[in-house]
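In what follows, a structure is listed as structure tokens, so that the remarks can point back to it.
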Amino acid sequence: MTDSIELTQPDDWHLHLRDGPMLQTVVGHTANQFGRAMVMPNLIPPATTCQQLLDYRQRILAALPDDSQFNPIMALYLTDQLNEAEIREAASNPHIGAVKLYPAGATTNSDSGVSDLQAIYPILELMEKHGLPLLVHGEVTDSAVDIFDREAVFIDRHLIPIINKFSALRVVLEHVTTADGIEFVQQARDGIAGTLTAHHLLLNRNHLLVGGIHPHHYCLPVLKRETHRQALVKAATSGNPRFFAGTDSAPHPKTEKESACGCAGIYTAHAAVELYTEAFDNVGALDKLEGFLSHYGADFYRLPRNTEQITLRRTPTQIEQQFGQGNETVVPLRAGGNRQWLLADSDSNLVNRS
Ligand code: DOR
Ligand code: ZN
């Protein structure tokens, strides 16, 4: 049995850091494990211009210790109003790596998202021209569509037409949760990828609904049935470079999760690399972990792979019940339970920021 593994330092290609006190509470968890992260712009109000995004990036860096090497790469929020000058600016700024498409109302803080996908086709054309990737929250918001089918319907109704029309646009289907999404990514043309979260690799919808409602297992896209989870694990561990890590770690105050209308989002940043490792170890695929965590995402974004190494040891360790205080208290995934793997030297962050 392998008890220790060394990997190139991983990156998290889909992350929510929030702002203000919550940012202070959570950012260190990600910076301790990952070299870079693609930071989502769904703040309140959302970061819809390059300037807002770069100001937000400065607040992220200011929340880190001076010697931290963590490099946040920002995703611009795509709205109905986004103009072409913003796209040109985003494409020329190394700190902005992508544009995020939320169908309006699909998830947390997505009200400013796109209400008519065809209306933003000129923007997609410009992104295609500049090589700026489109990150997609792939769920329809149509109230007639069952929540468990929303990903598959989005792919058929919207995503396939988009990738056919813009044949050189690079697209990431974020947080793939179904066998349909996996099949789409596997069979699509070049330039299409999918991120997978640790929680969708480890949990199915029974973890949300059996024995009571578990609000800390509620996220969007919602957890699916076990056969879908198995399809995600198979894809993640297949060595196919179209699939790479994006945690979608999404902190919410405990009081807003444990509520009559709890918000969507699972917090995994405290142990993301360790949880991915466990998911791969569960199916005997540790040899495929490094590509998924550390290589394929950087390759997709045409960035150099990180050069530093991290070490993980098989060391069952209890996870904290919560992080932060007061209104910023966050309950992490598997609070009070054990992680099976532990990152060594998790205080050293080693990768160049620039
Ligand atoms: O569960 C989720 N939480 N899914 C998302 O798409 C957004 C995220 C958030 O921002 O809380
Ligand atoms: Zn997200």
Side-chain angles (χ1 to χ4, degrees), residues 11-20 22-23 25-27 29-30 34 37-48 56 60 72-78 97-114 133-141 147-148 150-151 154 172-178 181 193-205 207-208 213-224 232 244-259 261-269 272 297 324 328 330-333:
D11 299 308
D12 179 353
W13 295 108
H14 182 138
L15 176 68
H16 299 270
L17 284 175
R18 315 301 189 207
D19 214 340
M22 185 62 96
L23 168 63
T25 299
V26 302
V27 67
H29 287 156
T30 294
F34 292 99
M38 183 67 72
V39 180
M40 294 298 124
N42 62 333
L43 305 175
I44 310 172
T48 56
Y56 177 36
I60 295 168
I73 302 172
M74 314 306 288
L76 182 65
Y77 198 120
L78 183 48
V99 176
K100 176 69 190 248
L101 165 62
Y102 292 104
T107 187
T108 308
N109 304 339
S110 64
D111 296 348
S112 312
V114 173
L134 177 72
L135 313 185
V136 179
H137 183 110
E139 289 191 288
V140 290
T141 53
I147 191 164
F148 290 102
R150 288 181 174 198
E151 183 171 288
F154 184 90
V172 183
L173 179 58
E174 299 280 61
H175 40 53
V176 182
T177 63
T178 58
T195 52
L196 294 163
T197 76
H199 47 279
H200 289 102
L201 293 178
L202 289 167
L203 305 175
N204 65 37
R205 64 194 193 179
H207 293 98
L208 174 66
I213 288 185
H214 301 269
H216 297 293
H217 292 165
Y218 175 57
C219 62
L220 287 170
V222 72
L223 295 171
K224 304 298 192 302
L232 307 185
F244 47 84
T247 64
D248 199 14
S249 176
H252 288 278
K254 180 176 195 269
T255 46
E256 290 178 25
K257 293 288 293 173
E258 299 175 4
S259 140
C261 185
C263 26
I266 298 181
Y267 186 68
T268 54
E328 272 63 56
V330 178
V331 177
L333 183 63

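Only heavy atoms go into these numbers, but all of them, side chains included; no hydrogens, no water, no symmetry mates. Atoms within a ligand are numbered from 1 in the order they appear, just like the ligands themselves.
Relative orientation of the His217 and His207 rings is perpendicular, given thresholds of 30° and 60° on the angle between their planes. Ring orientation note: the planes of Tyr77 and Tyr102 are tilted relative to one another, at an angle of 30° to 60°. Ring pair His29/Tyr267 is tilted by interplanar angle, where 30° to 60° counts as tilted.
In this view, His200 satisfies the ring pair (Phe, Tyr, Trp, His ring centres under 6.0 Å) rule with no residue, not counting sequence neighbours. Every residue two or more places apart in sequence or in another chain that forms a side-chain contact (heavy atoms from CB on, under 4.5 Å) with Thr108 is listed here: Asn42, His252, Ala264.
Legend: protein N/O/S atoms lying under 2.8 Å from the Zn ion (ligand 2), waters omitted, number 3.
Put simply, the side chain of Val222 reaches to within 4.5 Å of the side chain of Lys224, judged on heavy atoms.
Listed by chain and number, His16, Arg18, Asn42, Thr107, Thr108, His137, His175, Cys219, Leu220, Asp248, Ala250, His252, Ala264, Gly265 each place a non-hydrogen atom less than 4.0 angstrom from ligand 1.
Side-chain atoms of Glu151 and Thr178 include a donor-acceptor pair closer than 3.5 Å.
Atom NZ of Lys257 sits in a crowded spot, with more than 12 heavy atoms from other residues, nucleotides or ligands closer than 6.0 Å.
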*Passes side chain to side chain contact (heavy atoms under 4.5 Å, CB included), Ile147 versus Leu220? Steps please.*
CA-CA 9 Å; Ile147 191 164; Leu220 287 170; 4.0 Å; yes

